[in-house]
There are 2 protein chains.
Amino acid sequence: MDKKGDFELENFLPFLLNQAAEESSLAFQRVYKSRYGLLRTDWRVLFHLGIHGRMTAKEIGQRSKIHKTKISRAVQRLAERRFLTRTRDERDRRSEHLELTPAGEAVYRDLRGIAEEYDAKLSAQFTRGENALLRVMLRRLAGMG
Amino acid sequence: MDKKGDFELENFLPFLLNQAAEESSLAFQRVYKSRYGLLRTDWRVLFHLGIHGRMTAKEIGQRSKIHKTKISRAVQRLAERRFLTRTRDERDRRSEHLELTPAGEAVYRDLRGIAEEYDAKLSAQFTRGENALLRVMLRRLAGMG
DNA sequence: GGGTAATAGTTGTTTTTGTAACTAACAACA
DNA sequence: TGTTGTTAGTTACAAAAACAACTATTACCC
């Protein structure tokens with residue numbers, strides 16, 4: 001049926017990973033977008049702070065590999081909505097410490113619960129071993145291995 | 001070390017998939033971008049035509065799940081650069097058949113070779129069985145299962 | 001100390017994307 | 001035929017991302 005060769009886009013890992021990433025992000029995206037008006041970078045930053053507590057924009061960047069301009073703007077949006085506070089480091093006045101406000105914590109807890117549920121639902125289609133292996137492989141591919 | 005709970009962003013599938021997708025796309029992206037000035041949607045459309053031969057924008061959309069406006073614009077760019085030709089279907093004059101020009105074919109063959117090589121390199125870190133399982137799982141997650 | 005380089009984060013400008021509304025062609029059917 | 005609905009693809013405008021240049025502060029080192 002297909003014209004030439006045996007190359008299949010559907011087996012090309014970068015393509016397949018992108019499709020899986022997009023599809024699996026959709027349902028979760030709808031929640032943080034419609035419920036809190038957050039952008040993708042927003043919830044990621046929020047989660048980093050929710051998980052690790054106070055950190056600087058730089059530290060978030062190191063962990064997430066999100067570009068600093070995206071982080072800067074996400075922090076602005078989150079600060080405007082009083083989801084986090086920024087306090088200058090007095091030892092190094094270039095950087096500032098970011099920390100969730102109670103309101104930010106509440107959003108984090110809510111989204112985190114949804115994330116856990118959603119992750120469980122995705123994982124339910126596979127066995128325990130398959131899930132473990134998948135994560136190992138993805139971490140390796142992500143350069144987090 | 002971490003402040004609260006045991007939730008780990010690094011295990012959340014949508015996050016992990018995105019990181020893996022981005023990281024694994026980087027090297028290939030550099031090639032099609034720097035060598036041919038193509039965008040992500042451009043090479044995908046190009047590959048669909050390279051693999052399946054003549055098809056309409058709609059058919060590409062059905063297979064790839066790329067939105068029709070993105071396809072429309074990619075087709076425009078590819079047509080401008082004479083990588084493909086558009087011919088109206090005389091039976092249904094709303095749609096047109098897209099087909100790679102020899103120049104487009106050449107680009108496709110080049111990129112396809114690079115894609116195959118690159119995919120092989122990525123796959124080399126895993127066993128045969130692991131690779132097979134990974135693709136099955138990703139296809140399922142991508143809704144292509 | 002003074003000059004140069006590095007770092008944290010921000011801002012401005014250009015590309016790309018997302019969304020919705022649109023055109024043109026066809027279909028269905030009274 | 002005419003009316004209404006659908007489909008293929010495009011265009012316009014708003015939202016977001018990418019990239020480069022910028023400010024402010026600290027570090028290095030002669």
Side-chain angles (χ1 to χ4, degrees), chain A residues 18-19 21-23 25-30 32-34 36-46 48-49 54-81 84-99, chain B residues 18-19 21-23 25-26 29-30 32-34 36-46 48-49 54-81 84-99:
Chain A
N18 266 294
Q19 297 280 122
E22 259 171 53
E23 181 66 29
S25 297
L26 255 180
F28 186 59
Q29 180 185 23
R30 269 193 291 273
Y32 65 68
K33 200 170 176 181
S34 71
Y36 297 109
L38 296 178
L39 261 33
R40 203 165 64 117
T41 310
D42 296 347
W43 81 258
R44 287 195 182 189
V45 167
L46 189 88
H48 275 278
L49 293 173
R54 142 189 292 225
M55 37 191 325
T56 66
K58 187 197 175 189
E59 288 165 341
I60 296 177
Q62 289 169 333
R63 280 193 188 259
S64 63
K65 288 172 189 162
I66 303 172
H67 194 271
K68 60 180 181 175
T69 64
K70 274 162 88 175
I71 295 176
S72 171
R73 280 167 173 145
V75 167
Q76 282 177 20
R77 286 186 292 265
L78 293 170
E80 262 169 34
R81 307 185 51 188
L84 60 76
T85 59
R86 346 170 68 166
T87 35
R88 279 238 110 58
D89 181 337
E90 284 308 327
R91 281 188 207 74
D92 182 346
R93 301 183 38 73
R94 286 171 303 183
S95 72
E96 53 187 13
H97 299 282
L98 308 171
E99 199 163 15
Chain B
N18 266 294
Q19 296 280 123
E22 261 172 51
E23 182 65 30
S25 297
L26 256 179
Q29 181 184 24
R30 268 193 292 273
Y32 65 68
K33 201 169 176 182
S34 71
Y36 298 110
L38 296 178
L39 261 33
R40 205 165 61 117
T41 310
D42 297 346
W43 81 257
R44 288 194 182 187
V45 168
L46 189 88
H48 276 279
L49 293 172
R54 143 191 290 227
M55 40 193 322
T56 66
K58 188 198 175 188
E59 288 165 342
I60 296 177
Q62 289 169 333
R63 281 193 187 259
S64 62
K65 288 173 189 162
I66 302 172
H67 194 271
K68 60 180 181 174
T69 63
K70 274 164 89 175
I71 295 175
S72 171
R73 281 164 176 148
V75 167
Q76 281 178 21
R77 286 186 293 265
L78 292 170
E80 262 170 34
R81 308 184 50 188
L84 60 77
T85 59
R86 345 170 69 164
T87 38
R88 278 232 118 41
D89 181 336
E90 285 307 328
R91 282 188 208 74
D92 182 347
R93 300 184 40 73
R94 287 171 303 182
S95 71
E96 53 188 12
H97 298 282
L98 308 170
E99 199 163 16

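In the text below, chain A, chain B and the rest are named by the order of the sequence lines, each starting its count at 1.
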Here the salt bridge (charged side-chain N to carboxylate O under 4.0 Å, His left out) pairs for residues 88-97 of chain B, sequence neighbours left out, are B/R86-B/E96, B/R88-B/E96, B/E90-B/R93, B/D92-B/R94
When rounded to whole Å, the CZ to P distance for the pair A/R93 and D/dT23 reads 18 Å
Taken to the nearest whole Å, CD/B/E90 to P/C/dA25 is 11 Å
When rounded to the nearest 0.5 Å, the distance separating CG of A/L49 from CZ of A/R44 is 14.5 Å
Taken to the nearest whole Å, CG/B/L84 to C1'/D/dG9 is 14 Å
Hey, what's the ring geometry for A/F28 with A/W43, parallel, tilted or perpendicular (30° and 60° as the breaks)?
perpendicular
Scanning both residues in full, the closest heavy-atom pair of B/L98 with B/I60 reads CD1-CD1, 4.1 Å
Can you tell me if A/E22 uses its side chain to pair, donor with acceptor, with the backbone of A/Q19 under 3.5 Å? no
B/R40 CZ to C/dT17 P, in whole Å, measures 7 Å
To the nearest angstrom, the NZ-C1' distance between B/K70 and D/dA12 comes to 18 Å
Counting primed atoms, P, OP1 and OP2 as sugar-phosphate and everything else as base, the B/S/- map of nucleotides 6-16 of chain C against protein heavy atoms under 4.0 Å is BBSBBBB---S
* Asked: So, B/R77 side chain and B/L39 main chain: donor-acceptor pair closer than 3.5 Å or not?
  -> no
